[in-house]
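Heads up: the structure comes next, in C-alpha coordinates.
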2 protein chains.
Amino acid sequence: MEVVLLPQQTFFNLPEEKRQKVLQVAMEEFARNTYENASLSRIVNKLNIAKGSMYQYFLDKKDLYKYVVQSVYKQKRQYLQPVWYKHSQDFYQLLSAYYRSSWQYAQEHPVHHRVIANFWNSRDAEMRQEILREKKMRNIEFFDQLEQAMARGQVTRELNPEAAWFVYHAVGRALADNFLEVPAEVSQHEEFINSVLHTVRLGLEPRKGNIQ
Amino acid sequence: MEVVLLPQQTFFNLPEEKRQKVLQVAMEEFARNTYENASLSRIVNKLNIAKGSMYQYFLDKKDLYKYVVQSVYKQKRQYLQPVWYKHSQDFYQLLSAYYRSSWQYAQEHPVHHRVIANFWNSRDAEMRQEILREKKMRNIEFFDQLEQAMARGQVTRELNPEAAWFVYHAVGRALADNFLEVPAEVSQHEEFINSVLHTVRLGLEPRKGNIQ
DNA sequence: CCTCCATGTGACTGGTCAGTCATATGATTA
DNA sequence: TAATCATATGACTGACCAGTCACATGGAGG
(Lines give C-alpha, C1' and ligand atoms only; values in the text may rest on other atoms or scores of the structure.)
Protein backbone atom coordinates (compact mmCIF):
# COMPACT_ATOMS: atom_id res chain seq x y z
CA MET A 1 0.00 0.00 0.00
CA GLU A 2 1.59 3.21 -1.13
CA VAL A 3 0.16 6.66 -0.69
CA VAL A 4 -0.18 7.46 -4.35
CA LEU A 5 -0.04 10.95 -5.74
CA LEU A 6 -3.58 12.05 -5.16
CA PRO A 7 -2.78 15.69 -4.43
CA GLN A 8 -1.60 18.06 -7.12
CA GLN A 9 2.06 18.69 -7.75
CA THR A 10 1.70 22.09 -6.11
CA PHE A 11 1.16 20.37 -2.78
CA PHE A 12 4.40 18.48 -3.06
CA ASN A 13 6.28 21.63 -3.98
CA LEU A 14 5.34 23.05 -0.59
CA PRO A 15 8.05 23.26 2.06
CA GLU A 16 7.98 20.10 4.15
CA GLU A 17 6.87 21.93 7.27
CA LYS A 18 3.83 23.52 5.67
CA ARG A 19 2.87 20.26 4.00
CA GLN A 20 2.92 18.52 7.38
CA LYS A 21 0.87 21.29 8.93
CA VAL A 22 -1.79 20.98 6.23
CA LEU A 23 -1.96 17.22 6.70
CA GLN A 24 -2.12 17.52 10.47
CA VAL A 25 -4.92 20.08 10.54
CA ALA A 26 -6.89 18.15 7.93
CA MET A 27 -6.50 14.97 9.99
CA GLU A 28 -7.81 16.74 13.06
CA GLU A 29 -10.84 17.92 11.13
CA PHE A 30 -11.58 14.44 9.77
CA ALA A 31 -11.01 12.98 13.22
CA ARG A 32 -13.56 15.24 14.80
CA ASN A 33 -16.08 14.89 11.97
CA THR A 34 -17.29 12.40 9.41
CA TYR A 35 -16.42 13.14 5.81
CA GLU A 36 -19.76 14.82 5.20
CA ASN A 37 -19.57 17.02 8.27
CA ALA A 38 -15.95 18.00 7.99
CA SER A 39 -15.50 21.55 6.79
CA LEU A 40 -12.86 22.81 4.40
CA SER A 41 -13.60 26.32 5.57
CA ARG A 42 -12.63 25.40 9.12
CA ILE A 43 -9.45 23.76 7.90
CA VAL A 44 -8.26 26.79 5.95
CA ASN A 45 -9.17 29.11 8.80
CA LYS A 46 -7.09 27.08 11.21
CA LEU A 47 -4.23 27.04 8.72
CA ASN A 48 -4.53 30.76 8.02
CA ILE A 49 -4.44 30.20 4.31
CA ALA A 50 -6.93 31.12 1.61
CA LYS A 51 -9.56 28.66 0.54
CA GLY A 52 -8.33 28.90 -3.03
CA SER A 53 -4.91 27.64 -1.98
CA MET A 54 -6.42 24.38 -0.82
CA TYR A 55 -7.83 23.94 -4.29
CA GLN A 56 -4.35 24.37 -5.71
CA TYR A 57 -3.23 21.44 -3.57
CA PHE A 58 -6.22 19.13 -3.92
CA LEU A 59 -8.87 18.64 -6.57
CA ASP A 60 -11.71 18.79 -4.08
CA LYS A 61 -12.80 17.74 -0.60
CA LYS A 62 -12.84 14.06 -1.50
CA ASP A 63 -9.32 14.21 -2.90
CA LEU A 64 -8.07 15.70 0.36
CA TYR A 65 -9.96 13.08 2.34
CA LYS A 66 -8.47 10.20 0.40
CA TYR A 67 -5.02 11.59 0.99
CA VAL A 68 -5.66 11.89 4.72
CA VAL A 69 -7.06 8.36 5.09
CA GLN A 70 -4.28 6.81 3.07
CA SER A 71 -1.64 8.66 5.08
CA VAL A 72 -3.11 7.41 8.33
CA TYR A 73 -3.26 3.82 7.13
CA LYS A 74 0.28 3.96 5.83
CA GLN A 75 1.58 5.02 9.23
CA LYS A 76 -0.54 2.55 11.15
CA ARG A 77 0.61 -0.28 8.96
CA GLN A 78 4.26 0.61 9.46
CA TYR A 79 3.66 0.64 13.19
CA LEU A 80 1.95 -2.76 13.38
CA GLN A 81 3.88 -4.70 10.74
CA PRO A 82 6.67 -5.94 13.03
CA VAL A 83 4.30 -7.47 15.59
CA TRP A 84 3.35 -10.33 13.28
CA TYR A 85 6.89 -11.63 13.24
CA LYS A 86 7.84 -11.13 16.88
CA HIS A 87 5.69 -13.85 18.43
CA SER A 88 5.64 -16.39 15.66
CA GLN A 89 5.93 -19.31 18.09
CA ASP A 90 2.83 -18.64 20.18
CA PHE A 91 -0.37 -17.65 18.41
CA TYR A 92 -2.11 -16.39 21.53
CA GLN A 93 0.82 -14.25 22.51
CA LEU A 94 0.74 -12.95 18.98
CA LEU A 95 -2.95 -12.06 19.09
CA SER A 96 -2.58 -10.50 22.46
CA ALA A 97 0.43 -8.51 21.27
CA TYR A 98 -1.41 -7.38 18.16
CA TYR A 99 -4.45 -6.23 20.13
CA ARG A 100 -2.19 -4.45 22.53
CA SER A 101 -0.19 -2.79 19.79
CA SER A 102 -3.36 -1.67 18.02
CA TRP A 103 -4.60 -0.32 21.29
CA GLN A 104 -1.31 1.34 21.99
CA TYR A 105 -1.24 2.85 18.53
CA ALA A 106 -4.72 4.25 19.07
CA GLN A 107 -3.60 5.60 22.45
CA GLU A 108 -0.55 7.25 20.98
CA HIS A 109 -2.35 8.50 17.88
CA PRO A 110 -5.92 9.25 18.95
CA VAL A 111 -6.38 11.47 15.93
CA HIS A 112 -5.44 8.66 13.57
CA HIS A 113 -7.75 6.34 15.43
CA ARG A 114 -10.69 8.71 15.11
CA VAL A 115 -10.03 9.21 11.39
CA ILE A 116 -10.16 5.47 10.83
CA ALA A 117 -13.22 5.01 13.01
CA ASN A 118 -15.03 7.73 11.10
CA PHE A 119 -13.92 6.19 7.85
CA TRP A 120 -15.53 2.87 8.77
CA ASN A 121 -18.68 4.51 10.03
CA SER A 122 -19.07 6.66 6.96
CA ARG A 123 -22.47 6.70 5.35
CA ASP A 124 -20.88 6.74 1.91
CA ALA A 125 -20.16 3.06 1.35
CA GLU A 126 -19.24 3.73 -2.25
CA MET A 127 -16.41 6.08 -1.38
CA ARG A 128 -15.19 3.67 1.29
CA GLN A 129 -14.99 0.89 -1.28
CA GLU A 130 -13.20 3.22 -3.67
CA ILE A 131 -10.56 4.07 -1.08
CA LEU A 132 -10.19 0.45 0.05
CA ARG A 133 -9.76 -0.69 -3.51
CA GLU A 134 -6.83 1.68 -3.93
CA LYS A 135 -5.41 0.63 -0.59
CA LYS A 136 -5.65 -3.14 -0.91
CA MET A 137 -6.49 -4.30 2.59
CA ARG A 138 -4.43 -7.27 3.60
CA ASN A 139 -4.90 -9.62 6.49
CA ILE A 140 -2.66 -12.23 4.92
CA GLU A 141 -0.48 -12.17 8.00
CA PHE A 142 -3.35 -13.32 10.17
CA PHE A 143 -4.17 -16.30 7.98
CA ASP A 144 -0.51 -17.24 7.65
CA GLN A 145 -0.04 -17.25 11.38
CA LEU A 146 -3.35 -19.02 11.99
CA GLU A 147 -2.37 -21.80 9.62
CA GLN A 148 0.96 -22.20 11.36
CA ALA A 149 -0.77 -22.26 14.74
CA MET A 150 -3.10 -24.99 13.49
CA ALA A 151 -0.12 -26.97 12.24
CA ARG A 152 1.44 -26.60 15.68
CA GLY A 153 -1.82 -27.85 17.25
CA GLN A 154 -2.29 -24.57 19.03
CA VAL A 155 -5.57 -23.85 17.30
CA THR A 156 -8.28 -26.38 16.58
CA ARG A 157 -8.77 -27.44 12.96
CA GLU A 158 -12.46 -27.39 13.72
CA LEU A 159 -12.43 -23.67 13.01
CA ASN A 160 -13.26 -21.83 9.85
CA PRO A 161 -10.34 -19.41 9.42
CA GLU A 162 -12.60 -16.72 8.02
CA ALA A 163 -14.85 -16.99 11.05
CA ALA A 164 -11.85 -16.82 13.37
CA TRP A 165 -10.68 -13.67 11.60
CA PHE A 166 -14.15 -12.24 11.88
CA VAL A 167 -14.47 -12.82 15.62
CA TYR A 168 -10.96 -11.59 16.22
CA HIS A 169 -11.51 -8.44 14.21
CA ALA A 170 -14.99 -7.69 15.57
CA VAL A 171 -13.78 -7.96 19.14
CA GLY A 172 -10.76 -5.80 18.39
CA ARG A 173 -12.83 -3.03 16.91
CA ALA A 174 -15.37 -3.18 19.71
CA LEU A 175 -12.65 -3.03 22.35
CA ALA A 176 -11.18 0.05 20.74
CA ASP A 177 -14.59 1.67 20.29
CA ASN A 178 -15.60 1.11 23.85
CA PHE A 179 -12.56 1.93 25.87
CA LEU A 180 -10.58 4.36 23.85
CA GLU A 181 -13.03 7.18 24.40
CA VAL A 182 -12.17 7.23 28.09
CA PRO A 183 -8.57 8.42 28.22
CA ALA A 184 -5.90 7.66 30.77
CA GLU A 185 -7.77 4.78 32.33
CA VAL A 186 -6.27 1.90 30.43
CA SER A 187 -4.98 0.11 33.45
CA GLN A 188 -8.43 0.20 35.02
CA HIS A 189 -9.81 -1.75 32.06
CA GLU A 190 -6.76 -3.97 31.79
CA GLU A 191 -8.36 -6.83 33.68
CA PHE A 192 -11.53 -6.70 31.64
CA ILE A 193 -9.61 -6.65 28.38
CA ASN A 194 -7.72 -9.72 29.54
CA SER A 195 -10.98 -11.49 30.22
CA VAL A 196 -12.20 -10.70 26.74
CA LEU A 197 -8.99 -11.96 25.17
CA HIS A 198 -9.28 -15.09 27.26
CA THR A 199 -12.80 -15.69 26.01
CA VAL A 200 -11.63 -15.43 22.45
CA ARG A 201 -8.76 -17.77 23.22
CA LEU A 202 -11.07 -20.42 24.63
CA GLY A 203 -12.95 -20.22 21.35
CA LEU A 204 -9.87 -21.05 19.32
CA GLU A 205 -8.05 -23.57 21.46
CA PRO A 206 -8.42 -27.27 20.81
CA ARG A 207 -9.84 -29.19 23.74
CA LYS A 208 -7.92 -32.14 25.09
CA GLY A 209 -10.77 -34.42 26.06
CA ASN A 210 -13.28 -34.32 23.24
CA ILE A 211 -13.71 -33.53 19.57
CA GLN A 212 -10.36 -32.99 17.84
CA MET B 1 -38.60 1.70 28.75
CA GLU B 2 -41.54 3.85 27.76
CA VAL B 3 -41.61 6.35 24.96
CA VAL B 4 -42.23 9.38 27.12
CA LEU B 5 -44.04 12.44 25.93
CA LEU B 6 -41.23 14.23 24.17
CA PRO B 7 -43.35 15.73 21.39
CA GLN B 8 -45.83 18.49 22.03
CA GLN B 9 -49.48 17.79 22.70
CA THR B 10 -50.30 19.01 19.19
CA PHE B 11 -48.55 15.96 17.79
CA PHE B 12 -50.70 13.59 19.78
CA ASN B 13 -53.85 15.40 18.71
CA LEU B 14 -53.04 14.48 15.12
CA PRO B 15 -55.11 11.75 13.47
CA GLU B 16 -53.38 8.41 13.99
CA GLU B 17 -52.64 8.02 10.29
CA LYS B 18 -50.84 11.34 9.94
CA ARG B 19 -48.91 10.75 13.14
CA GLN B 20 -47.68 7.44 11.78
CA LYS B 21 -46.74 9.03 8.49
CA VAL B 22 -44.68 11.71 10.23
CA LEU B 23 -42.89 9.09 12.31
CA GLN B 24 -42.24 6.89 9.30
CA VAL B 25 -40.80 9.64 7.10
CA ALA B 26 -38.67 10.94 9.97
CA MET B 27 -37.36 7.41 10.57
CA GLU B 28 -36.41 7.10 6.93
CA GLU B 29 -34.49 10.35 7.09
CA PHE B 30 -32.63 9.34 10.25
CA ALA B 31 -31.97 5.93 8.74
CA ARG B 32 -30.35 7.40 5.67
CA ASN B 33 -28.42 10.08 7.59
CA THR B 34 -26.74 10.65 10.90
CA TYR B 35 -28.42 13.10 13.23
CA GLU B 36 -26.24 15.96 12.06
CA ASN B 37 -26.82 15.29 8.36
CA ALA B 38 -30.50 14.59 8.53
CA SER B 39 -32.58 17.43 7.18
CA LEU B 40 -35.85 18.68 8.57
CA SER B 41 -36.46 20.44 5.27
CA ARG B 42 -36.34 17.14 3.41
CA ILE B 43 -38.71 15.57 5.92
CA VAL B 44 -41.36 18.27 5.59
CA ASN B 45 -41.03 18.25 1.80
CA LYS B 46 -41.65 14.52 1.69
CA LEU B 47 -44.60 14.93 4.03
CA ASN B 48 -45.98 17.88 2.06
CA ILE B 49 -46.46 19.88 5.19
CA ALA B 50 -45.06 23.26 6.18
CA LYS B 51 -41.87 23.49 8.14
CA GLY B 52 -43.67 25.47 10.82
CA SER B 53 -46.02 22.56 11.43
CA MET B 54 -43.13 20.38 12.45
CA TYR B 55 -42.26 22.95 15.06
CA GLN B 56 -45.78 22.70 16.40
CA TYR B 57 -45.22 18.97 16.94
CA PHE B 58 -41.64 18.99 18.22
CA LEU B 59 -39.52 21.51 20.05
CA ASP B 60 -36.63 21.17 17.63
CA LYS B 61 -34.63 18.69 15.58
CA LYS B 62 -33.20 16.95 18.63
CA ASP B 63 -36.65 16.51 20.16
CA LEU B 64 -37.85 14.80 16.99
CA TYR B 65 -34.74 12.64 16.91
CA LYS B 66 -35.20 11.45 20.47
CA TYR B 67 -38.75 10.50 19.70
CA VAL B 68 -37.70 8.53 16.63
CA VAL B 69 -34.92 6.63 18.43
CA GLN B 70 -37.11 5.80 21.38
CA SER B 71 -39.90 4.58 19.13
CA VAL B 72 -37.53 2.27 17.29
CA TYR B 73 -36.10 0.84 20.49
CA LYS B 74 -39.53 0.30 21.94
CA GLN B 75 -40.59 -1.77 18.97
CA LYS B 76 -37.37 -3.73 18.79
CA ARG B 77 -37.57 -4.60 22.43
CA GLN B 78 -41.13 -5.85 22.09
CA TYR B 79 -40.03 -8.01 19.18
CA LEU B 80 -37.06 -9.60 20.95
CA GLN B 81 -38.40 -9.95 24.47
CA PRO B 82 -40.04 -13.37 24.02
CA VAL B 83 -36.89 -15.04 22.69
CA TRP B 84 -35.20 -15.03 26.09
CA TYR B 85 -37.86 -17.29 27.54
CA LYS B 86 -38.37 -19.69 24.66
CA HIS B 87 -35.07 -21.57 24.86
CA SER B 88 -34.39 -21.42 28.54
CA GLN B 89 -33.09 -24.99 28.64
CA ASP B 90 -30.24 -24.63 26.13
CA PHE B 91 -28.05 -21.54 26.32
CA TYR B 92 -26.53 -22.02 22.88
CA GLN B 93 -29.88 -22.46 21.28
CA LEU B 94 -30.90 -19.32 23.08
CA LEU B 95 -27.92 -17.30 21.82
CA SER B 96 -28.39 -18.61 18.33
CA ALA B 97 -32.08 -17.79 18.47
CA TYR B 98 -31.39 -14.32 19.78
CA TYR B 99 -28.82 -13.58 17.08
CA ARG B 100 -31.22 -14.89 14.50
CA SER B 101 -34.11 -12.87 15.82
CA SER B 102 -32.01 -9.72 15.90
CA TRP B 103 -30.92 -10.46 12.39
CA GLN B 104 -34.44 -11.18 11.33
CA TYR B 105 -35.69 -8.01 12.95
CA ALA B 106 -33.06 -6.03 11.09
CA GLN B 107 -34.06 -7.79 7.88
CA GLU B 108 -37.72 -7.05 8.40
CA HIS B 109 -37.12 -3.51 9.62
CA PRO B 110 -34.06 -2.27 7.76
CA VAL B 111 -35.05 1.31 8.47
CA HIS B 112 -35.11 0.65 12.21
CA HIS B 113 -31.78 -1.08 11.95
CA ARG B 114 -30.18 1.85 10.17
CA VAL B 115 -31.59 4.31 12.70
CA ILE B 116 -30.01 2.35 15.53
CA ALA B 117 -26.71 1.92 13.70
CA ASN B 118 -26.55 5.66 13.04
CA PHE B 119 -27.44 6.30 16.64
CA TRP B 120 -24.47 4.27 17.84
CA ASN B 121 -22.11 5.82 15.34
CA SER B 122 -23.18 9.34 16.16
CA ARG B 123 -20.42 11.84 16.79
CA ASP B 124 -22.42 13.43 19.56
CA ALA B 125 -21.64 11.14 22.49
CA GLU B 126 -23.33 13.53 24.88
CA MET B 127 -26.69 13.26 23.16
CA ARG B 128 -26.34 9.49 22.95
CA GLN B 129 -25.80 9.30 26.68
CA GLU B 130 -28.76 11.59 27.25
CA ILE B 131 -31.03 9.35 25.21
CA LEU B 132 -29.67 6.15 26.76
CA ARG B 133 -30.16 7.54 30.24
CA GLU B 134 -33.84 8.09 29.49
CA LYS B 135 -34.12 4.66 27.93
CA LYS B 136 -32.39 2.53 30.56
CA MET B 137 -30.59 -0.16 28.60
CA ARG B 138 -31.04 -3.57 30.07
CA ASN B 139 -29.19 -6.77 29.38
CA ILE B 140 -30.37 -8.38 32.59
CA GLU B 141 -31.85 -11.24 30.63
CA PHE B 142 -28.46 -12.21 29.26
CA PHE B 143 -26.84 -12.40 32.67
CA ASP B 144 -29.78 -14.32 34.11
CA GLN B 145 -29.61 -16.90 31.39
CA LEU B 146 -25.82 -17.08 31.53
CA GLU B 147 -25.93 -17.77 35.25
CA GLN B 148 -28.49 -20.52 34.74
CA ALA B 149 -26.35 -22.01 31.96
CA MET B 150 -23.34 -22.02 34.25
CA ALA B 151 -25.39 -23.72 36.95
CA ARG B 152 -26.41 -26.34 34.39
CA GLY B 153 -22.74 -26.83 33.47
CA GLN B 154 -23.39 -25.66 29.96
CA VAL B 155 -21.01 -22.70 30.24
CA THR B 156 -17.65 -22.79 31.97
CA ARG B 157 -17.37 -20.96 35.30
CA GLU B 158 -13.95 -19.90 34.10
CA LEU B 159 -15.62 -17.01 32.26
CA ASN B 160 -16.12 -13.45 33.33
CA PRO B 161 -19.81 -12.82 32.58
CA GLU B 162 -19.11 -9.23 31.54
CA ALA B 163 -16.50 -10.43 29.06
CA ALA B 164 -18.89 -13.02 27.69
CA TRP B 165 -21.52 -10.35 27.19
CA PHE B 166 -18.96 -8.16 25.50
CA VAL B 167 -17.85 -10.80 23.02
CA TYR B 168 -21.43 -11.83 22.36
CA HIS B 169 -22.53 -8.27 21.76
CA ALA B 170 -19.50 -7.23 19.69
CA VAL B 171 -19.91 -10.19 17.37
CA GLY B 172 -23.62 -9.58 17.05
CA ARG B 173 -23.15 -5.98 16.06
CA ALA B 174 -20.38 -6.81 13.63
CA LEU B 175 -22.45 -9.54 12.00
CA ALA B 176 -25.29 -7.13 11.48
CA ASP B 177 -22.99 -4.37 10.21
CA ASN B 178 -21.27 -6.60 7.74
CA PHE B 179 -24.00 -8.63 6.19
CA LEU B 180 -27.10 -6.60 6.46
CA GLU B 181 -25.99 -4.12 3.84
CA VAL B 182 -26.19 -6.80 1.16
CA PRO B 183 -29.88 -7.60 0.88
CA ALA B 184 -31.56 -10.84 -0.16
CA GLU B 185 -28.43 -12.93 0.21
CA VAL B 186 -28.91 -14.14 3.73
CA SER B 187 -28.81 -17.78 2.84
CA GLN B 188 -25.49 -17.32 1.09
CA HIS B 189 -23.97 -16.10 4.33
CA GLU B 190 -25.82 -18.62 6.45
CA GLU B 191 -22.90 -21.00 6.61
CA PHE B 192 -20.45 -18.30 7.55
CA ILE B 193 -22.70 -16.98 10.28
CA ASN B 194 -22.95 -20.48 11.67
CA SER B 195 -19.17 -20.72 11.78
CA VAL B 196 -18.97 -17.48 13.68
CA LEU B 197 -21.59 -18.61 16.18
CA HIS B 198 -19.71 -21.87 16.57
CA THR B 199 -16.50 -19.99 17.32
CA VAL B 200 -18.23 -18.03 20.02
CA ARG B 201 -19.71 -21.22 21.40
CA LEU B 202 -16.34 -22.89 21.65
CA GLY B 203 -15.25 -19.89 23.69
CA LEU B 204 -17.98 -20.41 26.24
CA GLU B 205 -18.25 -24.16 26.53
CA PRO B 206 -16.49 -26.01 29.31
CA ARG B 207 -13.94 -28.52 28.05
CA LYS B 208 -14.23 -32.14 29.10
CA GLY B 209 -10.59 -33.06 29.38
CA ASN B 210 -8.79 -30.17 30.97
CA ILE B 211 -9.24 -27.12 33.18
CA GLN B 212 -12.72 -27.06 34.74
C1' DC C 1 -73.49 35.04 12.15
C1' DC C 2 -69.47 36.01 14.89
C1' DT C 3 -65.71 35.01 18.05
C1' DC C 4 -62.13 32.37 19.58
C1' DC C 5 -58.49 29.31 19.50
C1' DA C 6 -55.85 25.36 17.96
C1' DT C 7 -53.56 24.43 14.11
C1' DG C 8 -51.30 25.21 9.61
C1' DT C 9 -48.33 28.07 6.66
C1' DG C 10 -44.18 29.51 3.98
C1' DA C 11 -41.41 33.55 3.26
C1' DC C 12 -37.72 35.09 5.73
C1' DT C 13 -33.34 35.45 8.75
C1' DG C 14 -28.86 34.48 9.59
C1' DG C 15 -25.89 30.96 9.27
C1' DT C 16 -22.88 27.32 6.94
C1' DC C 17 -21.02 25.07 3.13
C1' DA C 18 -18.04 23.61 -1.38
C1' DG C 19 -16.23 25.34 -5.05
C1' DT C 20 -14.85 29.35 -8.55
C1' DC C 21 -12.22 32.88 -10.63
C1' DA C 22 -10.31 37.36 -11.64
C1' DT C 23 -6.66 39.37 -9.73
C1' DA C 24 -2.33 39.92 -7.05
C1' DT C 25 2.29 38.54 -5.66
C1' DG C 26 6.74 37.37 -6.18
C1' DA C 27 10.49 34.65 -8.06
C1' DT C 28 13.01 33.29 -12.14
C1' DT C 29 14.58 33.91 -16.64
C1' DA C 30 15.60 36.58 -20.81
C1' DT D 1 14.07 46.04 -17.04
C1' DA D 2 10.43 43.24 -18.97
C1' DA D 3 8.13 38.98 -19.67
C1' DT D 4 6.68 34.61 -17.93
C1' DC D 5 4.95 31.43 -14.82
C1' DA D 6 3.80 29.13 -10.40
C1' DT D 7 1.40 30.17 -6.58
C1' DA D 8 -1.70 32.74 -3.31
C1' DT D 9 -5.89 35.18 -2.47
C1' DG D 10 -10.65 36.07 -0.75
C1' DA D 11 -14.91 37.96 -2.41
C1' DC D 12 -18.45 35.79 -4.62
C1' DT D 13 -22.06 32.25 -6.26
C1' DG D 14 -25.55 29.18 -5.55
C1' DA D 15 -27.18 25.89 -2.53
C1' DC D 16 -28.58 24.14 1.70
C1' DC D 17 -29.68 24.35 6.58
C1' DA D 18 -32.52 25.11 11.38
C1' DG D 19 -35.45 27.82 13.31
C1' DT D 20 -38.98 32.04 13.46
C1' DC D 21 -43.11 34.56 13.09
C1' DA D 22 -46.88 37.27 11.28
C1' DC D 23 -50.62 35.73 9.17
C1' DA D 24 -54.23 32.32 7.27
C1' DT D 25 -57.61 28.72 7.97
C1' DG D 26 -61.26 26.31 9.70
C1' DG D 27 -64.05 24.18 13.22
C1' DA D 28 -66.59 24.59 17.74
C1' DG D 29 -69.44 27.29 20.84
C1' DG D 30 -72.15 31.24 21.72
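Just the heavy atoms: all of them, side chains too, but no hydrogens, waters or symmetry mates, feed the values below. The chains referred to below are lettered A, B, ... by the order of the sequence lines, with proteins before strands, and numbering in each begins at 1. Everything numeric here is computed off the predicted structure, so don't read it as measured data.
The main-chain N or O of Glu130(B) is never found under 3.5 Å from a side-chain atom of Lys66(B) such that the two would form a donor-acceptor pair.
Rounded to 10 degrees, the angle separating the terminal axes of the helix from dT3(C)-dA28(D) to dA30(C)-dT1(D) is 20°, with each axis obtained from five end pairs.
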Let me have a per-nucleotide readout for nucleotides 20-27 of chain D, 5' to 3', with B, S or -, counting only protein heavy atoms under 4.0 Å. BB------
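Taking atom CE on Met54(A) and atom P on dG10(D), their separation rounds to 15 Å, with Å as the unit. Rounded to a whole Å, the CG atom of Asn13(A) is 13 Å from the C1' atom of dC5(D).
Note: Tyr67(A) and Phe11(A) have perpendicular aromatic rings, judged against thresholds of 30 and 60 degrees for the angle between ring planes. A tilted orientation is assigned to the rings of Tyr168(B) and Tyr98(B), their planes being inclined by 30° to 60°.
Side-chain contact check for Asn37(B) versus Arg32(B): every heavy-atom pair is 4.5 Å or farther apart. Counting heavy atoms from C-beta outward, Phe58(B) and Leu40(B) have side chains that stay 4.5 Å or more apart.
Across all strands shown, Lys62(A) has no heavy atoms under 4.0 Å from either base or sugar-phosphate atoms. Backbone-only engagement by Thr10(B) is indicated by non-hydrogen atom pairs under 4.0 Å involving sugar-phosphate atoms exclusively.
A search for ring pair (Phe, Tyr, Trp, His ring centres under 6.0 Å) contacts involving Tyr105(B) returns Tyr79(B), His109(B), His112(B), not counting sequence neighbours. The side-chain hydrogen bond (donor to acceptor under 3.5 Å, both in side chains) search around Arg19(A) returns Glu16(A), not counting sequence neighbours. Judged as a side-chain hydrogen bond (donor to acceptor under 3.5 Å, both in side chains), and not counting sequence neighbours, the contacts of Arg42(B) are Glu29(B). Under the ring pair (Phe, Tyr, Trp, His ring centres under 6.0 Å) criterion, Tyr65(A) pairs with Phe30(A), Tyr35(A), not counting sequence neighbours. By the side-chain hydrogen bond (donor to acceptor under 3.5 Å, both in side chains) test, Lys86(B) pairs with no residue at all, sequence neighbours left out. By the salt bridge (Lys or Arg N to Asp or Glu O under 4.0 Å) test, Lys51(B) pairs with no residue at all, sequence neighbours left out. Not counting sequence neighbours, the partners of Gln93(B) by the side-chain hydrogen bond (donor to acceptor under 3.5 Å, both in side chains) test are His87(B). Judged as a salt bridge (Lys or Arg N to Asp or Glu O under 4.0 Å), and not counting sequence neighbours, Glu36(A) has no contacts.
Less than 4.0 Å separates DNA chain C from at least one heavy atom of each of the following residues of residues 33-41 of chain A: Ala38(A), Ser39(A), Leu40(A), Ser41(A).
The nucleotide range of DNA chain C contacted by chain B, defined by atoms under 4.0 angstrom from heavy atoms of the protein and reported 5' to 3', is dT7(C) to dG10(C).
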